[in-house]
Amino acid sequence: MDARPTTESVSTLAHTMMTAARSADSGLAGPGELDRYPYTEAHGADRVVAPAWESADQELGRVGRRAAGSRGRGLHGQLVQQLGQMIVSGDLGADRPLVPEEIGQRFEVSRTVVRESLRVLEAKGLVSARPNVGTRVRPVSDWNLLDPDIIEWRAFGPQRDDQRRELSELRWTIEPLAARLAAGHGREEVQQRLSDMVEIMGHALAQGDSITFTRADAEFHSLLIQVAGNRMLEHLSGIVSAALQVSGGPVTGCDRPTEASLTHHARIVDALSSGDGPAAEAAMRQLLTVHPEVERVVPAPREH
């Protein structure tokens with residue numbers, strides 16, 4: 001019996017993903033469109049001053065009036081996005097004080113919103129709060145660079161080139177291993193879902209729907225890592241998904257919907273179905289080196 005999904009079922013899956021993708025994508029400000037607020041530089045060499053939020057354009061600071069705010073997370077999520085991007089981009093440098101009252105006035109949000117937002121940023125390692133010292137921006141060495149939000153903020157800021165290179169190198173390390181391990185952990189429902197994602201990607205490619213292609217691609221790679229049977233690798237699946245969402249350039253073969261990318265995904269599924277770990281690993285390496293630009297980051301697989 002052929003376990004592959006029927007054309008009708010694939011079309012339904014693809015339609016569902018396309019609808020969800022477009023709904024999630026519409027009305028949201030892109031990461032590169034987030035507002036950035038300068039602060040006043042210290043006038044003395046050893047003097048540290050609190051950020052002075054610009055107030056010339058009052059509308060920019062009114063988070064509550066931006067119904068299509070960052071990620072659609074409400075006031076709290078929008079403020080986390082705004083402050084997070086400012087810190088990661090360097091607009092708020094290391095050891096700069098963050099005064100909750102000034103933040104609340106600048107963005108016209110309540111103390112509760114500011115307090116909860118700073119707690120989230122503290123959990124990500126971006127800020128620290130200490131008695132008698134207050135809240136200050138922490139140096140890059142303290143940041144949780146594997147946090148999906150920080151990955152996104154770095155990918156759309158001044159560190160974009162470093163972030164994309166580092167993500168590519170990390171994926172090159174993680175995903176070929178995950179593909180080989182996944183071939184030895186055959187779970188029919190996951191194998192079927194991976195096959196479904198390839199079918200959806202093919203349908204999206206034919207329709208010119210890059211949003212659905214990217215969403216299916218991200219789910220494919222996340223599932224593959226989860227089925228590898230290694231919980232430490234599974235913990236990294238969110239990083240790979242974030243990398244696919246923010247790559248924004250020809251870093252790996254997953255970054256653009258192409259026939260070549262689709263072919264390599266299908267080869268991975270075939271290798272997993274037959275339990276061929278080395279073939280699954282080789283297909284993943286080929287997928288991650290579709291674009292020649294990657295050769296500056298990782299070597300192409302050798303022919304044996």
Side-chain angles (χ1 to χ4, degrees), residues 29-54 70-71 73 76-100 102-103 106-107 114-174 232 235-249 251-252 296-298:
E33 298 171 352
L34 295 176
D35 302 325
R36 296 172 59 179
Y37 302 98
Y39 58 86
T40 300
E41 294 286 356
H43 297 291
D46 299 321
R47 181 184 176 190
V48 177
V49 298
W53 312 104
E54 294 288 344
S70 307
R71 291 178 180 260
R73 293 176 178 173
H76 166 260
Q78 291 174 45
L79 186 57
V80 168
Q81 287 286 105
Q82 296 280 8
L83 293 177
Q85 192 200 23
M86 291 173 69
I87 293 170
V88 170
S89 68
D91 283 352
L92 293 175
D95 207 37
R96 291 286 176 177
L98 298 178
V99 182
E102 292 185 1
I103 295 174
R106 179 64 186 91
F107 292 95
V114 174
R115 183 171 60 250
E116 292 302 317
S117 298
L118 291 177
R119 285 179 180 173
V120 172
L121 295 175
E122 185 174 17
K124 297 176 185 294
L126 295 179
V127 305
S128 62
R130 297 195 299 269
N132 302 321
V133 176
T135 301
R136 290 179 177 269
V137 176
R138 298 169 70 175
V140 178
S141 58
D142 291 342
W143 299 355
N144 178 8
L145 296 179
L146 299 183
D147 182 279
D149 281 333
I150 295 181
I151 289 175
E152 176 184 298
W153 297 332
R154 289 186 73 207
F156 290 95
Q159 303 172 36
R160 63 176 65 87
D161 291 338
D162 286 341
Q163 176 67 100
R164 290 166 184 167
R165 174 183 54 79
E166 290 167 4
L167 286 172
S168 182
E169 292 170 346
L170 186 61
R171 291 187 61 196
W172 178 264
T173 302
I174 294 171
M232 295 188 73
H235 186 70
L236 300 176
S237 63
I239 300 169
V240 173
S241 295
L244 287 165
Q245 295 292 335
V246 305
S247 56
V251 179
T252 73
R296 294 197 292 267
V297 179
V298 291

message: Please report the interatomic distance CD(Gln78) to CZ(Phe107), rounded to the nearest 0.5 Å.
response: 11.0 Å

query: Pairs in or reaching into residues 124-133: which pass salt bridge (Lys or Arg N to Asp or Glu O under 4.0 Å), with residues at least two apart or in two chains?
result: Lys124-Asp147, Lys124-Asp149

task: Taking Gln159 for its side chain and Val88 for its backbone only, find out whether a donor-acceptor pair lies under 3.5 Å.
output: yes

Pro97 side chain reached by Thr135 side chain, heavy atoms, under 4.5 Å: no

- request: Check side-chain contact (heavy atoms from CB on, under 4.5 Å) between Val137 and all other residues, then give those that pass, not counting sequence neighbours.
  value: Ile87, Leu92, Arg96, Leu98

query: Is any side-chain N of the basic residue among Arg165 and Glu169 closer than 4.0 Å to the acidic one's carboxylate O?
result: yes

field: Pairwise side-chain contact, Asp162 with Arg154, heavy-atom cut-off 4.5 Å (strictly under)
entry: yes

field: With sequence neighbours excluded, residues passing side-chain contact (heavy atoms from CB on, under 4.5 Å) with Leu170
entry: Leu146, Ile174, Ile239

task: For Arg119, enumerate each residue passing the salt bridge (Lys or Arg N to Asp or Glu O under 4.0 Å) test, keeping only those at least two apart in sequence or located in another chain.
output: Glu116

query: When rounded to the nearest 0.5 angstrom, what is the spacing between CD in Glu166 and CZ in Arg171?
result: 15.0 Å

query: Can you list the residues that meet the side-chain contact (heavy atoms from CB on, under 4.5 Å) rule with Ala123, with sequence neighbours excluded?
result: none

- prompt: Should Trp153 and Leu126 count as side-chain neighbours, where that means a heavy-atom distance under 4.5 Å?
  reply: yes

